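Here the structure is a predicted model, which means the values were calculated and not measured. Values reported hereafter were calculated over all heavy atoms of this structure, with side chains retained and with hydrogens, waters and symmetry mates removed.
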Amino acid sequence: HGAQVDVQQLFLDYTLDVFGRIGFAQEFNSLVEPSEFGKAFDWLQLHIEHESRDPLLRIRSDPEFDARYDFIHDFLARLIPANKESGHYADKNDLLSRFMTLETDAGEMHSVKWLQDIAFNMLIAGRDTTALTSMWLFFCLSEHVEVEEKVLEEVDALSEVTYDSVNRNMPYLDRVL
């Protein structure tokens with residue numbers, strides 16, 4: 001009712017929730033209430049963007065940056081032993097569990113540090129990219145109603161929503177993306 005909505009933040013929260021599930025089998029519930037993980041990650045992203053514009057900022061120590069970075073890394077580091085101890089990671093489909101099943105050339109499980117870095121890189125690569133692409137898609141669809149109508153026709157024609165059915169039966173949406 002006339003209230004402003006920060007659509008970008010909604011997409012960032014949504015993709016964090018989705019990526020938490022598919023990446024780490026974690027429920028952040030950021031759409032319900034902002035998570036500490038999400039707040040720390042957002043702050044780091046903005047801080048890094050700001051620092052990239054001012055090289056002098058990169059050479060100074062920043063305790064707040066260090067604390068938030070450590071919070072994210074500690075969170076990810078705790079997931080790995082918890083998954084390992086459960087003994088069921090080989091049966092799970094989240095990305096972290098899939099990586100935990102891989103072995104080094106020596107036939108050993110990868111280190112917690114390696115898995116932690118993989119998880120952090122997946123999050124960096126997947127969350128903002130997906131959120132911002134989705135946001136721009138919705139903006140462009142709102143500007144081109146005729147395109148939105150064709151996409152909705154494809155959606156309505158789906159008998160089931162699965163990865164395979166979307167890939168096979170939505171060529172127009174594929175081209176729009």
Side-chain angles (χ1 to χ4, degrees), residues 3-53 64-65 67-80 82-83 89 92-102 114-145 147-148 150-152 154-156 158 160-177:
Q4 289 187 345
V5 176
D6 185 347
V7 176
Q8 180 174 341
Q9 191 60 52
L10 281 175
F11 277 110
L12 289 169
D13 291 342
Y14 176 73
T15 54
L16 180 62
D17 288 353
V18 170
F19 203 81
R21 274 186 242 123
I22 66 171
F24 321 118
Q26 289 294 303
E27 295 290 335
F28 289 115
N29 295 316
S30 298
L31 286 170
V32 176
E33 184 176 333
S35 69
E36 290 305 310
F37 186 90
K39 288 190 272 188
F41 190 79
D42 288 346
W43 188 91
L44 286 170
Q45 292 283 82
L46 288 172
H47 193 76
I48 290 168
E49 179 184 332
H50 179 68
E51 279 189 353
S52 70
R53 294 187 185 130
E64 187 173 5
F65 180 91
R68 291 178 192 240
Y69 181 83
D70 290 345
F71 175 83
I72 296 290
H73 265 273
D74 291 347
F75 179 91
L76 295 173
R78 286 191 307 272
L79 290 178
I80 296 155
N83 254 3
Y89 65 87
K92 292 183 178 179
N93 291 323
D94 64 278
L95 295 172
L96 179 59
S97 294
R98 301 289 23 138
F99 273 102
M100 289 176 70
T101 63
L102 299 177
W114 186 85
L115 291 165
Q116 182 183 23
D117 289 344
I118 288 290
F120 195 58
N121 282 315
M122 286 188 305
L123 183 62
I124 291 170
R127 189 251 188 161
D128 286 6
T129 305
T130 303
L132 297 177
T133 300
S134 299
M135 184 184 68
W136 275 108
L137 170 66
F138 277 79
F139 172 77
C140 290
L141 288 175
S142 74
E143 295 289 309
H144 301 279
V145 178
V147 174
E148 177 186 11
K150 289 180 183 178
V151 169
L152 289 173
E154 275 190 341
V155 170
D156 290 341
L158 286 176
E160 64 176 342
V161 180
T162 65
Y163 181 81
D164 290 334
S165 69
V166 169
N167 269 348
R168 278 192 313 269
N169 302 316
M170 299 193 77
Y172 189 75
L173 176 62
D174 187 50
R175 289 189 303 271
V176 169
L177 286 169

Practice problem: Walk me through it: do Leu177 and Leu173 pass the test side chain to side chain contact (heavy atoms under 4.5 Å, CB included)? | Solution: CA-CA 6 Å; Leu177 286 169; Leu173 176 62; 4.2 Å; yes
Exercise. List the steps and the verdict of salt bridge (charged side-chain N to carboxylate O under 4.0 Å, His left out) for Glu64 and Arg68.
Key: CA-CA 6 Å; Glu64 187 173 5; Arg68 291 178 192 240; 2.7 Å; yes
Practice problem: Go through the steps to decide whether Leu158 and Met170 satisfy the test side chain to side chain contact (heavy atoms under 4.5 Å, CB included), and finish with yes or no. | Solution: CA-CA 9 Å; Leu158 286 176; Met170 299 193 77; 3.7 Å; yes
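In this structure, Asp17 and Asn29 approach most closely via the heavy-atom pair OD1-N, 3.2 Å. Residues Thr15 and Ala131 approach most closely at OG1-CB, 3.3 Å, considering heavy atoms.
With rounding to the nearest 0.5 Å, the separation of CD1 in Ile48 from OH in Tyr69 is 8.5 Å. Taking OH of Tyr14 as the start and OG1 of Thr130 as the end, the distance is 10.5 Å to the nearest 0.5 Å. Taking CD of Gln9 as the reference point, atom CG of Leu16 lies at 9.5 Å (rounded to 0.5 Å). Annotation: the span from Leu115 atom CG to Leu76 atom CG amounts to 10.5 Å, rounded to 0.5 Å. A distance of 13.5 Å separates CZ of Arg78 from CG of Asn83, quoted to the nearest 0.5 Å. The structure places CH2 of Trp136 at 10.0 Å from CD of Gln8, a figure rounded to the nearest 0.5 Å.
The main-chain N or O of Leu31 is never found under 3.5 Å from a side-chain atom of Asp13 such that the two would form a donor-acceptor pair. A donor-acceptor pair under 3.5 Å is absent between the side-chain atoms of Glu160 and the main chain of Ser165, judged by distance alone. One N or O on the side chain of Arg98 and one on the backbone of Lys92 form a donor-acceptor pair closer than 3.5 Å. A donor-acceptor contact shorter than 3.5 Å is absent between the side chain of Ser97 and the backbone of Asn93.
Between Glu143 and Phe139, the closest side-chain pair of non-hydrogen atoms falls below 4.5 Å. You'll find the side chain of Phe19 reaches within 4.5 Å of the side chain of Leu95, heavy atoms only. A heavy-atom distance below 4.5 Å is not found between the side chains of Glu154 and Asn169.
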Run the side-chain donor-acceptor check on residues 117-128: report pairs under 3.5 Å with partners two or more places apart or on a different chain.
from, atom 1, to, atom 2, distance (Å)
Asp117, OD1, Lys113, NZ, 2.9
Asp117, OD2, Lys113, NZ, 3.1
Asn121, ND2, Asp117, O, 3.0
Arg127, NE, Leu12, O, 3.2
Arg127, NH1, Asp42, OD1, 2.7
Arg127, NH2, Leu12, O, 3.4
Arg127, NH2, Asp42, OD1, 2.8
Asp128, OD2, Gln45, NE2, 2.4

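You'll find the ring centres of Phe75 and Phe28 inside the 6.0 Å limit.
By the 6.0 Å contact criterion, CZ on Phe138 is open, its count of non-hydrogen atoms from other residues, nucleotides or ligands being 12 or less.
The ring-ring contact (aromatic ring centres under 6.0 Å, His included) search around Phe71 returns none, not counting sequence neighbours. Residues passing the side-chain contact (heavy atoms from CB on, under 4.5 Å) test with Glu33, sequence neighbours excluded: none.
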